[in-house]
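For reference, the structure is listed below as structure tokens.
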Amino acid sequence: MAEVRTDGAELEFELTLPVVVVGAGACGLVAGLAIRSLGVEVVVLERDAVPRGSTFMSSGFVPAAGTRFQRAAGVEDDAARMAADIQGKNHGQADPAIVDTLARRSGAVIEWLADRHGVPFELVEGFLYPGHSRLRMHCTPRRTGEELMSCLLNAAEAAELDVLTRARVTTLHVDERRRVRGLTYQRPDGVEERLGCEALVLACNGYGGNPELIARHIPAMAGALYFGHEGNRGEAVQWGEALDASLRDMGAYQGHGSLAWPHQTLISWAVMMQGGVQVNLHGARFSNEHLGYSEQAAKVNAQPESRAWNLYDRRIHEQALKFEDYRNAEAAGAVKRFDGLEALAEGLAVPLETLRGEFDAMAAAADSGQADRFGRTFEPAHRLAPPYFAIRVTGALFHTQGGLEVDTDGRVLDRDRGPLPNLLAAGGAARGVSGAGDDGYMSGNGLLSAVVLGAIAGETAAALAGAP
């Protein structure tokens with residue numbers, strides 16, 4: 001159980017560092033790199049033996065506006081357009097100052113990571129994710145969060161950023177003014193060690209792995225498959241509550257409606273954006289797949305047996321092969337190929353007449369240019385043609401999007417919206433930019449907050465600790 005003790009002024013710490021960061025996912029590593037770049041000593045504490053976090057399990061896509069990667073591809077984009085897209089997707093429910101700040105800083109942070117720290121970013125081309133009006137997803141060549149984490153860990157090593165693993169932070173020690181004076185972390189053998197600090201950055205993600213907090217704040221996903229990092233236990237939320245911090249948008253989360261079942265491999269939503277569809281176990285479509293993959297999780301889980309089929313064709317299959325997760329799913333036998341509609345219906349054990357009716361309706365929508373009964377339009381160039389491909393999927397909870405309310409410098413705010421003296425948060429530990437529910441999440445929002453707000457929080461922590 002995460003704990004806060006008001007004994008910080010009395011305790012003596014054997015070692016005190018200017019800044020401590022809790023969590024060594026993308027957020028914590030980027031924060032640490034930002035702190036190191038300002039010449040401030042810092043250590044990143046990680047509970048696991050190998051830093052992974054939610055980033056490791058993601059696609060590793062980071063949205064950014066106005067980058068040189070976009071310009072090289074002829075993409076015109078800017079922070080104002082990116083901010084408008086984010087707010088459009090979340091129905092204007094996020095803090096506009098935070099949204100504007102993240103959009104404005106995003107391009108510079110991506111280029112800083114690429115140019116100074118060697119992260120081999122490239123622009124994802126060929127399709128737009130729901131809500132994005134421009135190509136602005138940046139990824140590493142293999143398009144996996146695992147590779148992004150490897151690149152950041154390499155950068156941390158090159159920058160001589162100290163990362164202490166197998167160190168689970170259990171207690172924050174504060175004084176009467178709620179200034180964090182230090183913390184206690186526990187080693188695998190149960191031995192506890194204390195460490196003092198001038199500023200503390202919480203980069204330990206959200207509470208997706210805490211069933212009690214999920215049942216309290218997101219009852220609709222209680223009992224749902226959790227496909228996130230098991231270490232996301234909600235310590236930041238619990239410490240924040242003990243410090244009377246402001247918690248916002250606690251019902252917000254990122255789900256995903258395309259997790260291969262039973263293989264539990266993420267299937268990119270690019271399959272849907274390039275013309276694919278989902279049908280239930282009776283062969284019927286049930287939604288507009290272009291609204292977003294986060295809200296699709298609940299829609300898939302509302303179908304019989306909480307299952308659906310992704311249906312697409314060879315054109316989409318060949319595009320999806322660019323994604324390592326998809327190649328892994330194919331190698332595991334999740335991808336099924338069928339020569340025609342009759343074989344598809346037989347292989348999926350769904351009524352042929354139902355499936356044919358759905359394909360006829362999609363063709364009619366493509367021919368007319370009108371939206372179908374779910375409000376989705378179909379481009380003639382995206383008309384599905386045999387051979388067809390199918391993957392059985394389910395919906396899952398990936399990570400939470402609500403958390404500690406922060407200002408544009410990453411400082412945690414109390415319930416009166418004043419900043420706590422030296423506590424900062426970013427990534428999943430902080431309130432995100434996805435609004436209050438599941439339908440405000442726009443692809444990349446999680447890593448946008450982790451990477452960009454992580455860099456901002458790191459800079460602020462360094463300043464609070466006396467950086468020049």
Side-chain angles (χ1 to χ4, degrees), residues 58-61 63 70 73-75 85 89 122-139 141-144 256-260 265-279 285-297 299-300 308-330 334-338 341 344 348 355 358-372 374-393 395 441-444:
S58 74
S59 295
F61 288 13
Q70 289 177 304
V75 176
D85 286 351
K89 187 70 170 67
E122 57 187 42
L123 185 68
V124 179
E125 300 185 69
F127 62 94
L128 290 171
Y129 276 104
H132 289 280
S133 63
R134 295 291 188 275
L135 296 172
R136 61 172 67 102
M137 288 297 194
H138 296 73
C139 69
R142 284 166 47 201
R143 301 188 178 190
T144 66
H256 207 293
S258 187
L259 191 69
T265 301
L266 176 64
I267 305 301
S268 170
W269 207 242
V271 169
M272 298 298 129
M273 301 312 296
Q274 293 179 336
V277 296
Q278 287 190 323
V279 300
R285 285 183 60 228
F286 51 88
S287 66
N288 178 352
E289 300 90 347
H290 280 190
L291 292 179
Y293 58 72
S294 179
E295 54 265 51
Q296 195 72 7
K299 296 173 185 176
V300 169
W309 289 99
N310 288 356
L311 303 184
Y312 51 104
D313 61 10
R314 185 190 313 222
R315 170 183 58 84
I316 299 172
H317 167 73
E318 291 175 350
Q319 289 291 319
L321 286 170
K322 297 178 181 178
F323 295 82
E324 184 173 306
D325 284 340
Y326 182 85
R327 298 195 298 272
N328 292 339
E330 183 182 39
V335 179
K336 312 295 183 184
R337 181 187 183 279
F338 303 95
L341 201 60
L344 178 64
L348 271 54
L355 206 56
E358 295 293 3
F359 274 69
D360 289 346
M362 289 187 287
D367 290 339
S368 69
Q370 301 297 313
D372 70 0
F374 300 111
R376 175 174 167 180
T377 57
F378 289 84
E379 298 180 26
H382 287 175
R383 189 191 300 263
L384 301 182
Y388 300 114
F389 291 75
I391 300 177
R392 186 169 56 173
V393 299
Y441 184 86
M442 190 166 73
S443 183

dist Lys89:NZ -> Met442:CE (nearest 0.5 Å) comes out at 8.5 Å

I want to check something: taking the side chain as every heavy atom from C-beta on, are Arg314 and Phe389 in contact at a cut-off of under 4.5 Å?
yes

Strictly distance-based, threshold 3.5 Å: is any side-chain N or O of Asp85 a donor or acceptor partner for the main-chain N or O of Ser133? yes

- Query: So Leu259 and Thr265, side chain to side chain contact (heavy atoms under 4.5 Å, CB included) or not? Walk me through it.
  - Reply: CA-CA 6 Å; Leu259 191 69; Thr265 301; 5.8 Å; no

Nearest heavy-atom contact between Tyr326 and His317 is OH-ND1, 2.6 Å

What one should report as the nearest heavy-atom pair of Ile316 and Gly276 is CD1-N, 3.5 Å

After noting the C-alpha distance and the side-chain angles of Asn310 and Ser258, does the key distance pass the side chain to side chain contact (heavy atoms under 4.5 Å, CB included) rule?
CA-CA 8 Å; Asn310 288 356; Ser258 187; 2.8 Å; yes

Those residues at least two apart in sequence (or on a different chain) that pass ring-ring contact (aromatic ring centres under 6.0 Å, His included) with Phe359 are Tyr388

The reported gap from CG in Asn328 to CD1 in Ile267 (rounded to nearest 0.5 angstrom) is 9.5 Å

With a 4.5 Å cut-off on side-chain heavy atoms, are Lys299 and Gln278 touching? no

Closest non-hydrogen contact found for Val300 with Gly257 is CG2-O, 3.7 Å

Please assess Ser443 against Tyr293 for the test side chain to side chain donor-acceptor pair (under 3.5 Å), listing each intermediate value before the final yes or no.
CA-CA 8 Å; Ser443 183; Tyr293 58 72; 3.1 Å; yes

**Request:** Fit a plane to each ring of His256 and Trp269, take the angle between them on a 0 to 90° scale, and name the class: parallel (under 30°), tilted (30 to 60°) or perpendicular (over 60°).
**Result:** perpendicular

*Does Glu358 reach the main-chain N or O of Arg285 with its side chain, forming a donor-acceptor pair under 3.5 Å?*
yes

**Prompt:** Does Leu348 reach the side chain of Lys336, with side-chain heavy atoms less than 4.5 Å apart?
**Reply:** no

CG (Leu123) and CG (Leu135) are apart, to the nearest 0.5 Å, by 5.5 Å

Output for pair (Leu344 CG, Leu311 CG), nearest 0.5 Å, gives 5.5 Å

Item to check | Trace of the side chain to side chain contact (heavy atoms under 4.5 Å, CB included) decision for Tyr312 with Ile391 | outcome: CA-CA 9 Å; Tyr312 51 104; Ile391 300 177; 3.3 Å; yes

- Task: Could you tell me whether the side chain of Arg143 reaches within less than 4.5 Å of the side chain of Val124, counting heavy atoms only?
- Result: yes

query: Do His138 and Gln70 have side-chain heavy atoms sitting under 4.5 Å apart?
result: yes

Heavy atoms of Leu291 and Pro130 approach each other most closely as O-CB, 3.8 Å

Evaluate the criterion side chain to side chain contact (heavy atoms under 4.5 Å, CB included) for residue pair His290 and Met273; output intermediate values, then yes/no. CA-CA 6 Å; His290 280 190; Met273 301 312 296; 3.6 Å; yes

Q) Will you find, in the side chains of Gln296 and Ser287, an N or O donor that is under 3.5 Å from an N or O acceptor? A) yes

What one should report as the nearest heavy-atom pair of Ser268 and Tyr129 is OG-OH, 3.2 Å

Check this for me, if you would: do Glu125 and Lys322 make a salt bridge, where the nitrogen-to-carboxylate-oxygen distance has to be below 4.0 angstrom? no

Asp313 side chain reached by Gln274 side chain, heavy atoms, under 4.5 Å = no

CZ (Arg136) and CG (Leu128) are apart, to the nearest 0.5 Å, by 8.5 Å

Sorted by chain and residue number, the ring-ring contact (aromatic ring centres under 6.0 Å, His included) partners of Phe286 (sequence neighbours excluded) come out as none

Note: Arg315 and Gly275 closest approach over all heavy atoms is NH2-CA, 4.5 Å

